[in-house]
Amino acid sequence: MKVSKNNAEHYVWGNLCDGWHLVKTDELSIIHEKMPPGTSEVRHFHTKSKQFFFMLSGQAAIEVNNVITLLNEKEGIEIQAKTPHQIFNKTDSDIEFLVISMPPTAGDKIIIK
């Protein structure tokens, strides 16, 4: 079956950010996410899941192990399990990106305060 934001399971997270589950299995999660200007996720890590963030539009700032990297459209970054990270939209426009997680991150998120 063809899948897109139009027919995928939708959820809201953080400060009015959106996510759409494009693939949601026990082995793999692919989520299309949208973050409005000035939003961010909480700093966290996953004990088992490794992730790949891939920018579809806009520019994200992503902090991985205390190093900030700017990701532009058509750029990505892999984050290994147990690695602290946080994504930010520091721009004036929405950003959209894919988050690919293996295994899925449900129940595997440790928030860092």
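Values reported hereafter were calculated over all heavy atoms of this structure, with side chains retained and with hydrogens, waters and symmetry mates removed. Owing to the predicted nature of the structure, the values given are computational and were not obtained by experimental measurement.
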[X], [atom1]: over 12 other non-hydrogen atoms inside 6.0 angstrom:
X: I112; atom1: CD1; value: yes
X: K109; atom1: NZ; value: yes
X: N72; atom1: CG; value: yes
X: D92; atom1: CG; value: no

Give a yes or no answer on whether the side chain of [X] reaches the backbone of [Y] with a donor-acceptor pair at less than 3.5 Å.
X: Q80; Y: T83; answer: no
X: T105; Y: D108; answer: no
X: Q86; Y: E41; answer: yes
X: S4; Y: N6; answer: yes
X: H21; Y: G19; answer: no

Measure the shortest side-chain to side-chain distance between [X] and [Y] over non-hydrogen atoms and say whether it is less than 4.5 angstrom.
X: H46; Y: H85; value: yes
X: P36; Y: C17; value: yes
X: Y11; Y: I31; value: yes
X: I77; Y: L71; value: yes
X: W13; Y: E33; value: yes
X: M35; Y: I87; value: yes
X: I62; Y: F53; value: yes
X: D26; Y: P103; value: no

Heavy-atom pair of closest approach, residues [X] and [Y]:
X: N89; Y: S93; result: ND2-O, 2.8 Å
X: T47; Y: K82; result: O-CE, 3.6 Å
X: E27; Y: M102; result: O-CG, 3.2 Å
X: I95; Y: A60; result: CD1-CB, 3.7 Å
X: G58; Y: M55; result: O-CE, 3.8 Å

Subject >> From CA spacing to verdict: side chain to side chain contact (heavy atoms under 4.5 Å, CB included), K90, I68 >> reply: CA-CA 12 Å; K90 296 182 178 184; I68 294 181; 4.3 Å; yes
**OP:** Check the side chains of Q51 and S101 for a donor-acceptor pair under 3.5 angstrom, ignoring hydrogens and angles.
**Re:** yes
Subject >> Candidates K34, K5, K74 - the one meeting salt bridge (charged side-chain N to carboxylate O under 4.0 Å, His left out) with E96 >> reply: K5
Original post:
Rounded to the nearest 0.5 Å, how far apart are NZ of K50 and CD1 of I100?
Top reply: 11.5 Å
Original post:
Roughly how far, to the nearest 0.5 Å, is CD of Q59 from CD of E73?
Top reply: 11.0 Å
**OP:** Let me see the working for I110 and H44 under side chain to side chain contact (heavy atoms under 4.5 Å, CB included), right down to the final yes or no.
**Re:** CA-CA 5 Å; I110 309 296; H44 66 282; 5.9 Å; no
Original post:
Is V23 reachable from L56 through a run of I, L, V, M, F, W or Y residues, each pair having side-chain heavy atoms under 4.5 Å apart?
Top reply: yes
Original post:
In terms of hydrophobic clusters joined by side-chain contacts under 4.5 Å, are F97 and L70 together?
Top reply: no
**OP:** Fit a plane to each ring of H10 and W20, take the angle between them on a 0 to 90° scale, and name the class: parallel (under 30°), tilted (30 to 60°) or perpendicular (over 60°).
**Re:** tilted
**OP:** Specify whether F54 and F52 have parallel, tilted or perpendicular ring planes, treating 30° as the upper limit for parallel and 60° as the lower limit for perpendicular.
**Re:** parallel
